[in-house]
Each structure stands twice: as C-alpha cells, then as structure tokens.
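When a ligand or atom number is given, it counts from 1 through the structure's own listing order. Please read all numbers here as calculations on a predicted model, not as lab measurements. Every heavy atom of this structure was used, including side-chain atoms; hydrogens, water molecules and symmetry mates were not.
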Amino acid sequence: MAFSLGAYAAPLMCKLGADLDGHAQDAAYVRRAADIADKSAGFTSPHPNFGCVIATSTGKVAGEGYLYAQGTKPAEVLAVEAGGEWCRSATAYLNLEPGDCHGDHTAVSALVQAGITRVVVGIRNPLQHLRGNAVRALRSQGLQVHVLGEDLQSKIIEEARKSCLLVNAPLIHRATSRVPFSVLKYAMTLDVGHAAWISSKKSRDRVFELRGRSDAIVVGGNTVRRDNPRLTARHGGGHMPMRIVLTQSLNLPEKANLWDVSDVSTIVVTQRGAKRDFQKFLASKGVEVVEFDILNPRDVMEYFHDRGYLSILWECGGTLAASAISSGVIHKVFAFVAPKIIGGKNAPTPVGELGMVEMSQALDLTDVCYEQVGPDMLVSGFLQPVPDLTPVIPSVDETFAIDPSVTPYESSIISFYKTWDPYGSFSNFSPHPIQMPDNGGDYVTWSGVEHYYQAQKFVGVNDPAALDCIEKIKAVRSPEEAARIGRWMQRHRPDLVCSSAR
Ligand SMILES: NC(=O)C1=CN([C@@H]2O[C@H](COP(=O)(O)OP(=O)(O)OC[C@H]3O[C@@H](n4cnc5c(N)ncnc54)[C@H](OP(=O)(O)O)[C@@H]3O)[C@@H](O)[C@H]2O)C=CC1
Ligand SMILES: Nc1c(N[C@@H]2O[C@H](COP(=O)(O)O)[C@@H](O)[C@H]2O)[nH]c(=O)[nH]c1=O
C-alpha cells in the first residue's frame with residue numbers, strides 16, 4: 001500500500017466511533033470532512049474550504065485530506081494519494097462539491113481513477129457556474145452520488161449538512177448577497193463596550209486567530225484617533241489580513257501604526273474630495289486611498305466584493321458598528337464578554353443607535369455558540385442565517401441544476417479576478433503551471449503565473465539574498481504564499497528589486 005504521508009493528507013485505518021451504520025456513518029464522515037476543511041480557513045481564501053474523507057466498505061477511514069491553500073492540491077487528490085489501494089470500492093465524503101479551477105475536473109478524475117464507487121456530498125457548490133458540475137460528472141462516470149438533503153434525509157443528515165454550510169458560510173453569504181462575509185467582533189464588560197482593554201490575553205489571542213481567518217479588518221476614524229491600533233494577526237505564521245479605515249472627515253493623525261505598511265497594507269476609504277493634502281501624505285506612505293461619493297458601509301462592502309474579498313472582520317466602535325448593522329452588511333457577531341462591571345452614565349455601547357425602542361424589535365442571533373475563553377465568555381452567532389442553497393429540483397435530473405436565487409453573471413463582463421470566477425483560469429492565482437525560458441533560454445516550469453511574476457521582481461540582482469528569495473518563491477506550494485514572500489521582500493529589501501520592477 002503506497003501511503004504518501006503529509007501534513008494535509010493522512011492515511012488512517014480507524015473507525016470514527018464504533019459500529020456506525022447507514023445515515024449515522026455518512027453523517028459522521030461528512031462532519032469529519034467539514035472539520036478538517038476548516039483547518040486552513042484564511043489560507044484558502046478566496047477559495048472555499050474543502051475536505052475529503054475516504055472510508056472503506058467496512059467503515060474504516062483509508063485516507064483524508066484538505067485544501068491547504070489556494071492553488072495547492074485538491075483535498076480529493078490528497079485523500080486518494082493517502083488511501084492508495086484502499087480507495088477501491090470505497091466511499092468518498094466531501095463537505096462541498098468540488099469546483100474546477102484547473103479546467104480538467106482534477107478532483108473528479110482523482111476519485112474516479114482511484115476506484116471510488118460512492119461519493120457523499122455535503123452541499124453543492126454555491127457558485128452558479130460550478131454548481132452541479134462535479135455531481136453530474138461523477139454520476140456520468142458511473143459513481144453513485146448522494147447529496148445530503150436531496151438523496152439522504154434525516155435529522156442526523158441535516159445536522160451534518162449544517163456543519164458543511166457553516167464551514168463555508170463566508171462563500172455562501174458572499175455568493176448570495178454580493179458583499180463579503182462580515183463578522184462584527186467586540187469586547188465588553190458585563191455592562192458596556194469600553195475603550196480600554198477589557199478582554200483577557202487568551203481572548204486577544206483568539207482575536208488574532210479571527211483576524212487570520214479574514215481578508216481584511218475594518219475600523220472607523222475614531223478608533224484610529226483614540227487607540228492607534230495595529231490590527232495585525234500576531235498568532236505566528238498565520239494569514240495576515242489587510243487593514244481598512246472608514247473615515248468621512250479624513251481627519252486622522254500623521255503618526256499612526258496603520259500607516260506602517262511594511263508588513264501588511266492599509267486602505268483608507270473616505271468621502272470624495274476630503275483633505276487632498278492628507279490623501280497625498282497617505283499615498284507617500286504607501287497607503288491606498290479610495291474615495292466614495294457617499295460613504296456608507298453597503299457601498300464600501302460592494303466595492304470590496306468586486307475587488308474579490310471573501311471575509312471581513314469589523315473591529316470598530318459602536319457608531320460604525322450600528323451603521324454597518326443597519327446597512328445589512330454584518331452577517332455574524334463575536335462578542336467577548338469579560339466578567340467585570342465598570343458602570344457609567346454615558347458609558348459607550350458596543351453597538352450604537354439602531355432606532356429600536358422595544359425588545360420585540362431586537363435582532364436575534366442564530367446558531368449561537370457559547371465558549372469560555374480564559375475568564376471571558378465568547379458568544380457568537382449569525383445575524384443573518386447562512387442561506388440554504390438546496391435546490392428545489394430533484395437531483396436525479398441534473399439538467400436544470402442551477403440555483404435561481406444566485407444572480408447570473410453579466411454575460412458581457414469576463415470575471416477572472418479570483419480563481420473561482422467563471423474565467424478564473426486567467427487569474428494570476430490560477431493553479432496552472434507555466435513554462436518560461438531562463439537566462440540561458442532553457443524552459444523552466446513554474447507552479448503558476450503568480451510564482452513567476454513575484455520572482456521576476458528579483459531576477460538579475462547580484463545579491464545572494466535575491467537568489468535565495470527567488471528559490472523560496474519557486475518552492476512554495478500556493479500562489480498566495482508566493483505573493484506574500486515577494487511582497488514582503490519588496491517592502492523590507494527594496495534594494496533587491498530589479499530596476500524594471502520598481
Ligand atoms: N470594546 C471594543 O471592542 C472596541 C472599542 N472601541 C472603542 O470605541 C471608540 C470609538 O468608537 P466609534 O466612534 O463608535 O467607532 P469608530 O471610530 O470605529 O467608528 C466611527 C467613525 O467611523 C467613521 N465612519 C465612516 N463612515 C461611517 C458611517 N457610515 N457611519 C458611522 N461612522 C462612519 C467616522 O470617522 P471620521 O470621524 O474620521 O469621519 C466615524 O467617526 C474608541 O474609544 C475605541 O477605543 C473600538 C473598537 C472596539
Ligand atoms: N478593547 C478591546 C479590543 N479593541 C480592538 O482592538 C484594537 C487594538 O488592536 P491591536 O492594536 O492590534 O492590539 C482596538 O483598536 C479595537 O478595535 N479588542 C479586544 O479583543 N479586546 C478589548 O478589550
């Protein structure tokens with residue numbers, strides 16, 4: 001049996017719980033696929049989180065894998081590599097119907113070639129142009145495909161399906177609402193949302209993790225003026241989100257931690273025409289400024305959706321939080337509640353004025369979780385439930401397997417900013433290897449365009465550090481990692497950047 005061991009693919013010959021049968025077994029393995037899929041949240045963005053568990057006919061797990069980062073091997077490929085010969089006549093459990101960024105149905109081919117005979121799919125792909133394609137392709141190859149909620153229905157199956165919806169909530173919300181998935185996070189005492197440090201060190205470590213799962217963090221002008229935050233994910237080696245400041249006045253200090261963009265970028269979003277000189281000052285610091293005619297959270301979020309952002313963490317104060325909630329752009333809330341009371345007649349609230357007067361108008365959270373983090377309680381829940389994308393059509397007839405609730409893409413616009421877009425294979429981040437000539441004219445294979453692009457910044461520079469950087473870029477598995485190394489080096493060692501790339 002040829003097992004290829006790796007951190008993201010594991011051969012296992014154990015049972016998930018004793019004597020699982022029927023729906024219970026299907027549900028348990030799909031949940032497992034969802035659990036491992038979640039391990040790489042943040043790194044996979046803008047891709048969804050994919051997990052695959054392969055179980056033999058006797059219910060033993062032969063192999064499993066999850067997508068480590070965008071552009072790396074699909075979960076299904078890792079799982080069949082780990083399972084080897086044990087995959088013959090086995091069942092593959094997927095939390096999400098595979099997409100097809102390679103244009104060649106890599107995940108489907110891997111399952112078919114490994115001899116898998118049955119596939120259980122947690123949820124269909126929420127993206128219209130991918131939806132139903134892999135299910136149809138697998139069925140056309142003679143595999144039995146069961147989609148939870150369509151071909152399998154019971155309480156336990158419904159719970160497993162829910163775990164699949166939750167693990168890819170950002171993608172599903174983004175696909176249906178056309179704004180990035182937004183999480184509002186705040187810390188409060190038992191009575192108020194004070195400005196000073198409220199939550200414990202453990203809670204703050206948890207915040208770093210939350211930051212690492214997000215594409216960007218949003219704060220308002222007051223928070224920059226009063227807290228001078230850094231908004232970095234300081235949990236070691238994790239994904240670093242961008243920082244976004246929303247300010248109408250642009251009345252911001254010249255000295256601020258957010259203007260240090262050597263490790264991570266900052267975008268300031270403001271009202272058109274605001275303080276032109278300060279805009280120039282920010283630009284000179286490497287901070288991007290974006291102007292809006294009228295600054296409101298919905299327009300800003302639609303803009304960041306179009307720039308390809310998947311998930312946003314709002315760490316603002318109550319004024320902006322209320323405005324964002326009222327605009328309907330906040331999907332989930334994380335409230336850290338510290339067991340302290342500070343009182344105060346004019347004490348700030350974590351969410352400002354929403355115009356509600358009666359408790360019957362209060363917004364209810366759904367799928368609420370309570371978790372003790374050190375001395376604090378973390379209460380989280382959805383302000384907008386994860387949309388249910390189950391098609392109403394029977395899954396046997398795949399011809400009409402298109403979700404009518406997802407707005408069709410404008411036919412005149414070709415979208416390829418992100419790899420999951422309909423023309424995503426044109427994206428720099430698409431996982432297609434390319435061959436390019438080196439200095440001697442010999443063709444060298446690069447993992448993708450982004451790898452090649454980043455490395456070109458340092459080509460021809462007579463310094464061992466430049467060569468070392470090129471080799472590092474070449475070696476990493478994902479385009480995102482290549483981009484991170486290239487951008488980091490460009491900021492920290494501009495002297496290593498060749499003149500044509502400056
Ligand atoms: N307990 C906690 O978890 C947190 C507490 N805080 C505290 O909160 C205080 C700041 O609170 P607060 O002023 O509410 O928060 P913010 O500064 O986060 O948000 C308000 C500011 O956002 C800008 N803004 C841009 N667009 C809008 C809009 N459409 N609606 C509302 N504001 C918009 C304005 O900036 P401008 O004035 O520049 O135009 C406005 O003053 C600080 O003392 C900070 O310490 C902050 C974050 C978390
Ligand atoms: N006060 C408060 C928070 N405040 C948030 O954290 C920001 C500071 O981030 P940084 O500069 O990166 O450490 C601050 O501006 C505000 O958005 N967060 C919490 O987890 N707990 C707390 O008690």
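At a 4.0 Å heavy-atom cut-off, ligand 2 does not touch S203 at all. At a 4.0 Å heavy-atom cut-off, ligand 2 touches S199 through backbone and side chain alike. Residue contacts with ligand 2, taken as heavy atom pairs separated by less than 4.0 Å, do not involve R226 at all. Contacts with ligand 2 closer than 4.0 Å are made by heavy atoms of both the backbone and the side chain of I198.
Under a 4.0 Å heavy-atom criterion, M188 is not in contact with ligand 2. In this structure, R225 counts as a contact residue of ligand 1, since one of its heavy atoms falls inside 4.0 Å of the ligand. The shell of residues lying under 4.0 angstrom from ligand 1, judged by heavy atoms, excludes P348. Note on ligand 1: P297 sits in its first shell, one or more heavy atoms being nearer than 4.0 Å. Under a 4.0 angstrom heavy-atom cut-off, P350 registers as lying outside contact with ligand 1.
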Task: Step-by-step side-chain hydrogen bond (donor to acceptor under 3.5 Å, both in side chains) determination, S163 to R32 - done: CA-CA 9 Å; S163 66; R32 170 78 191 153; over 6 Å; no
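Ring geometry for W488 against H492 counts as parallel: the plane angle stays under 30°, on a 0 to 90° scale with 60° as the upper cut.
Within ligand 2, the atoms closer than 4.0 Å to a non-hydrogen atom of A187 are 19 (C), 21 (N), 22 (C), 23 (O), numbered from 1 in the order shown. Each of the atoms 10 (P), 11 (O), 12 (O) of ligand 2 lies under 4.0 Å from some heavy atom of L231.
With respect to atom 3 (C) of ligand 2, the closest heavy atom belonging to the protein is W197 CZ3, 3.6 Å. With hydrogens left out, the protein atom closest to atom 17 (O) of ligand 2 is E315 O, 2.7 Å, a heavy atom. Of the protein's non-hydrogen atoms, the one nearest atom 40 (C) of ligand 1 is G221 N, 4.5 Å. For atom 11 (O) of ligand 1, the closest non-hydrogen atom on the protein side is G317 CA, 3.5 Å. For atom 33 (C) of ligand 1, the closest non-hydrogen atom of the protein is L320 CD1, 3.6 Å. Annotation: atom 13 (O) of ligand 1 to nearest protein heavy atom, N222 ND2, 2.7 Å.
Nearest heavy-atom pair, I217 versus L231, reported as atom, atom and distance to 0.1 Å: CD1-O, 3.3 Å. Contact record, H173 with P385: CE1-O, 3.3 Å, taken as the closest heavy-atom pair.
Partner of F304 under the ring-ring contact (aromatic ring centres under 6.0 Å, His included) criterion, chosen from F292, Y309, F181: Y309.
In summary, R31 and D35 do not engage in a salt bridge, as defined by a charged side-chain N under 4.0 Å from a carboxylate O.
For T223, no nitrogen or oxygen atom sits less than 3.5 Å from a nitrogen or oxygen atom of ligand 2, counting backbone and side chain alike.
Of the candidates T319, L295, L246, T247, it is T319 that places a heavy atom closest to atom 20 (C) of ligand 1.
The 12-atom threshold is exceeded at NZ of K275, counting heavy atoms of other residues, nucleotides or ligands nearer than 6.0 Å.
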